[in-house]
Number of protein chains: 2
Amino acid sequence: MASSRRIGAPDAKNRTVLLDAAERIMLEKGYAAVTSRKVAERAGLKPQLVHYYFRTMDDLFLEMFRRRADEGLKVQAEVVNAPNPLRALWEFGMDPAGVAVTMEFIALARHRDALRSEIARYSELFREGQREAARQVLSRSGYDLSKIPPVVVSVLLTSISRVVVMEEALGLSAGHKETVELVEWCLARLEESR
Amino acid sequence: MASSRRIGAPDAKNRTVLLDAAERIMLEKGYAAVTSRKVAERAGLKPQLVHYYFRTMDDLFLEMFRRRADEGLKVQAEVVNAPNPLRALWEFGMDPAGVAVTMEFIALARHRDALRSEIARYSELFREGQREAARQVLSRSGYDLSKIPPVVVSVLLTSISRVVVMEEALGLSAGHKETVELVEWCLARLEESR
DNA sequence: GTCTATAATCAGATAGAC
DNA sequence: GTCTATCTGATTATAGAC
């Protein structure tokens with residue numbers, strides 16, 4: 001049942017302050033540490049204000065995710081205009097903070113349905129942008145798109161960067177150097193005309 | 001400060017019951033839902049018993065992880081004896097429950113140091129086992145090991161299976177079919193003598 | 001439109017009883 | 001060796017004041 005309690009304006013300054021605080025906590029301490037008290041404390045506000053601007057903690061997480069994903073889509077749209085789009089996408093995907101926050105949202109989403117479907121929706125947009133970039137690069141370089149479906153390039157770049165960065169964060173690095181070298185060798189070949 | 005409170009015997013029946021309950025909750029609802037109350041409820045025991053058998057919740061998580069990882073290492077050691085070891089490893093890595101629990105532990109570990117280093121230690125063992133399997137397969141098939149370092153095969157199989165399974169759980173499947181086909185085509189080539 | 005006082009519940013942990 | 005009574009504090013959320 002939807003509560004009738006009033007909610008703060010979407011463009012209020014404190015709302016943004018709270019989202020910023022929540023995001024920093026999520027990155028530093030994980031999603032489970034994002035409680036109304038800790039968010040408020042970090043924002044320098046009273047805990048009850050979290051519930052004034054966000055009806056529930058789930059709403060807060062949803063807004064955090066949307067804000068970040070919209071920003072990420074903008075960055076990706078610029079990144080694919082680089083001289084070597086695949087290489088630029090790869091480096092974009094190797095950003096430790098980006099990977100960490102994404103992993104937090106995915107872990108959180110496994111059991112929060114609203115967040116889960118929102119992540120799926122946005123992920124599809126990210127993948128579509130990457131697929132299109134790969135399609136252009138591959139066809140420009142003269143590859144047979146029926147043999148190397150561009151979308152596979154997107155899945156591989158996403159998979160490898162995420163797991164390598166995640167493992168580094170855990171203190172595991174076996175095989176990373178060799179794998180990164182192989183990926184970069186492949187990217188160089190894909191982005192060079194034949 | 002180490003507490004002097006006594007702790008239950010490692011082989012007590014209820015200790016196992018609690019670990020089982022905790023593992024099911026982690027799989028179904030995520031690590032944040034693994035609280036002493038919920039674990040006890042699922043186990044049909046009193047909440048205080050969790051703290052009798054495990055000094056802290058962190059200890060409980062550590063024991064859950066060790067039990068599972070030891071079991072996983074045993075399974076992997078058998079799997080690499082299959083006729084097509086890489087293919088068998090790939091299928092082992094595509095197990096949704098295995099991936100889900102692993103992801104939960106990794107997310108949890110990012111900010112719990114004891115768990116983090118334990119995961120790193122075990123991950124190294126898993127990777128080493130896979131590396132050795134890949135080394136044997138590749139050299140048997142006549143590949144040049146200096147061109148395709150076997151450890152890369154391990155990193156790639158781990159990365160791709162984890163992310164594909166994770167995305168499926170979110171309801172995202174764009175590019176998966178094509179990627180799985182490519183992986184299986186590669187595996188077939190690697191495991192066939194040339 | 002913005003914020004506070006307060007309810008109701010849940011969590012981790014320990015000392016001490018059987 | 002096994003389990004319980006209980007403390008202390010944190011957490012989400014709402015109704016209502018400014």
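Just so you know, these numbers come straight off a predicted model, no measurement behind them. Convention: sequence-line order gives letters A, B, ...; per-chain numbering from 1.
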To the nearest Å, give me how far apart [atom1] ([X]) and [atom2] ([N]) are.
X	N	atom1	atom2	result
A:L18	D:dA13	CG	C1'	15 Å
A:H51	C:dT6	NE2	C1'	13 Å
A:R15	C:dC3	CZ	P	14 Å
A:I7	D:dA15	CD1	P	12 Å

Classify A:Y53 by what it touches in the nucleic acid, base, sugar-phosphate, or nothing, heavy-atom distance under 4.0 Å.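 Answer is sugar-phosphate: A:Y53 comes under 4.0 Å of backbone atoms only.
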A:R189, CZ atom: more than 12 neighbouring heavy atoms under 6.0 Å: no
Determine whether the side chains of A:D144 and A:S146 contain a donor N or O and an acceptor N or O closer than 3.5 Å. yes
Within the 3.5 Å criterion, strictly below it, is a donor on B:Y122 or B:D70 matched to an acceptor on the partner's side chain?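 The answer is yes; a qualifying pair exists.
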Is there a side-chain contact (heavy atoms from CB on, under 4.5 Å) between A:Y143 and A:V137 once you walk through the steps? CA-CA 9 Å; A:Y143 283 90; A:V137 168; over 6 Å; no
Any idea how A:F105 and A:F65 line up, ring-wise: parallel (<30°), tilted (30 to 60°), or perpendicular (>60°)? perpendicular
Give a yes/no on whether any side-chain N or O of B:N14 is located under 4.0 angstrom from OP1 or OP2 of D:dC3.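 Indeed, a polar side-chain atom of B:N14 lies that close.
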Taking N and O atoms by type only, does the side chain of B:Q48 place a donor or acceptor under 3.5 Å from a partner on the base of D:dA5?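 Side chain to base: pair found, below 3.5 Å.
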Residues from residues 20-47 of chain A sitting under 4.0 Å of DNA chain C, heavy atoms only?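 Output list: A:K46.
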Can you list every pair that meets salt bridge (Lys or Arg N to Asp or Glu O under 4.0 Å) and has a residue in residues 147-176 of chain B, with sequence neighbours left out?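 Residue pairs with at least one partner in residues 147-176 of chain B: A:R127-B:E167.
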Where do N or O atoms of nucleotides 16-18 of chain C meet protein N or O atoms at under 3.5 Å, pair by pair?
residue	atom	partner	partner atom	Å
C:dA17	N6	B:R6	NH2	2.8

